[in-house]
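Everything on this sheet refers to the single structure shown next.
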Number of protein chains: 2
Amino acid sequence: MTHNTAPPDELTFWSFVDYAVHKAERELPSVNAEAMRMILTLNRATSMVVYDLESSVHRPRGWTWPGFRVLFALWLAGPMEAKTTAQISGMSRAALSALLNTLERDGLLSRERATHDRRALQLSLTEAGYGAILGVFRAHNRRESAWAEALEPEERRELVRLLNKLMAGSTDAQAKFRN
Amino acid sequence: MTHNTAPPDELTFWSFVDYAVHKAERELPSVNAEAMRMILTLNRATSMVVYDLESSVHRPRGWTWPGFRVLFALWLAGPMEAKTTAQISGMSRAALSALLNTLERDGLLSRERATHDRRALQLSLTEAGYGAILGVFRAHNRRESAWAEALEPEERRELVRLLNKLMAGSTDAQAKFRN
DNA sequence: TCAGATTCATCAAACATTTGATCATTTGGG
DNA sequence: CCCAAATGATCAAATGTTTGATGAATCTGA
């Protein structure tokens, strides 16, 4: 660092955003500080929400966040091919393959060869899996509600609108998507 | 599912948000759909941004997202105790311990026992680490800029404001934070 | 029809993360 | 002063993720 400004005494996960943006602006004049702040804030906010949900809802019930995502998709969209499950729950096919070992072992879902294409895999919730996702989702949604109360209804809609616009713009940005 | 509505043919990572919220509303009348939509959208948007950054910037350079976060913190805040690094880069002390093995092996940072407390660890970037983070951050920031262009300047500020408000409200929500 | 290309799933190795245990050092109270 | 409690770091085992390779089934075009 050219100008070695000491960091404030208590630098936290959250206050680091402000600190980092200002520091980067001073050190690297070419930086796009607006963009940096937006992406950094987005990541930190999401990280806090996920940490809370995972540690207060999922882990205590012996679940993981990725496991929840798979069971959630299967609960809402019904039995489907593994390829689709990977798509809509946001993971690679290889990652899902590994994850399925745990979920199947725990008796939450079943893997079956598809009849129309013997390469493909058909996934479906077991009875136990169906009962479990119902209860876990209720707890999950209660925590979501607690988070949502931080904003006014109008603000929540605006946040969703802005995030949707961000995603819609990702094609222009030539963003990389999962296969 | 009580009403077995077939999912639309092409259910994608992104379109699943809408599908899931509507379906959950029908199946589970007690659901807080607003909250569900907000958190789901937040997670998916962030996930897309992170996937793009990691796969187009970090992985091709042999870096990982968590490794970048650590080097980034160290670059901006300067040498510091490992405990602080874990705090501001958002990981547990145990996770950082494991991550340091890789980063140290790759010659990007150095671990030293702190002089004032021989239990504590002092972390600092090596010359190589300093040079590397500079280059990687530049590329990282260019991708951030591309994402940011999806929104108008005023919208970017509003998004940041809303996310900050969400975080500020997390104390009221009794959210769980990392130790 | 059949051989090459494509698609689906899994495996392997490296990496990162979680919880809970262990070990070393420091601190604080009697 | 000294021992118990607290603190900092690491380890161990289980889980999940990435990239790249492999094997099986399906498709395609000559």
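Letters A, B, ... are given to chains in the order of the sequence lines, protein chains preceding strands, and every chain is numbered from 1. Note that this is a predicted model, so its numbers are computed, not measured.
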Any base atoms under 4.0 Å from Ala95(B), or only sugar-phosphate, or nothing? Heavy atoms, all strands. base
Using a 4.0 Å heavy-atom cut-off, does Ala98(B) contact any base of the nucleic acid, only the sugar-phosphate backbone, or nothing at all?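 Counting heavy atoms under 4.0 Å across all strands, the contact made by Ala98(B) includes a base.
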For residues [X] and [Y], determine if any side-chain heavy atom of one lies less than 4.5 Å from a side-chain heavy atom of the other.
| X | Y | answer |
| --- | --- | --- |
| Met36(A) | Glu25(A) | no |
| His140(B) | Phe137(B) | yes |
| Arg69(A) | Ile88(A) | no |

Without decimals, in angstroms, what is the distance between [X] [atom1] and [N] [atom2]?
| X | N | atom1 | atom2 | result |
| --- | --- | --- | --- | --- |
| Leu103(A) | dA14(D) | CG | C1' | 14 Å |
| Leu100(B) | dT10(D) | CG | P | 7 Å |
| Arg59(A) | dA13(D) | CZ | C1' | 13 Å |
| Trp65(B) | dT18(D) | CH2 | C1' | 16 Å |
| Leu99(A) | dT18(D) | CG | P | 11 Å |
| Leu96(B) | dG8(D) | CG | P | 14 Å |
| Arg69(A) | dT17(D) | CZ | C1' | 10 Å |
| Met91(B) | dA9(D) | CE | C1' | 16 Å |

Using heavy-atom distances to pick each residue's nearest nucleotide on DNA chain D, tell me which of Ala94(A) and Asp117(B) is more 5'.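 Closer to the 5' end of DNA chain D: Asp117(B).
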Between Thr115(A) and Gly90(A), which has a closest nucleotide on DNA chain D that is more 5'?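 This one resolves to Gly90(A).
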Evaluate Leu125(B) against Leu108(B) for side-chain contact (heavy atoms from CB on, under 4.5 Å), listing each step before the verdict. CA-CA 6 Å; Leu125(B) 287 183; Leu108(B) 298 168; 5.7 Å; no
Please state whether the base of dT7(D) and the side chain of Arg119(B) form at least one donor-acceptor pair under 3.5 Å? yes
Which residue lies more 5' along DNA chain C, comparing Gln122(A) with Ser55(A) via nearest heavy atoms: Gln122(A)
Where the side chain of Lys83(B) is concerned, which of dT19(D), dT15(D), dA9(D) is the nearest nucleotide? dA9(D)
Any side-chain N or O of [X] below 4.0 angstrom from OP1/OP2 of [N]?
| X | N | value |
| --- | --- | --- |
| Arg118(B) | dG8(D) | no |
| Arg111(B) | dT10(D) | yes |
| Thr64(A) | dT15(D) | no |

Could you go through the side-chain hydrogen bond (donor to acceptor under 3.5 Å, both in side chains) check for His116(B) and Glu81(B) one step at a time? CA-CA 11 Å; His116(B) 62 292; Glu81(B) 290 192 13; 2.8 Å; yes
Relative to the ring of Trp63(B), is the ring of His58(B) parallel (under 30°), tilted (30 to 60°) or perpendicular (over 60°)? parallel
Interface limits on DNA chain C, where chain A has a heavy atom under 4.0 Å of a nucleotide atom: dT7(C) to dT18(C)
Can you get from Leu159(A) to Trp14(A) by hopping between Ile, Leu, Val, Met, Phe, Trp and Tyr side chains that sit under 4.5 Å apart? yes
Check the pair Asn164(B) / Arg44(A) against side-chain hydrogen bond (donor to acceptor under 3.5 Å, both in side chains), numbers first and verdict last. CA-CA 10 Å; Asn164(B) 273 314; Arg44(A) 304 235 150 186; over 6 Å; no
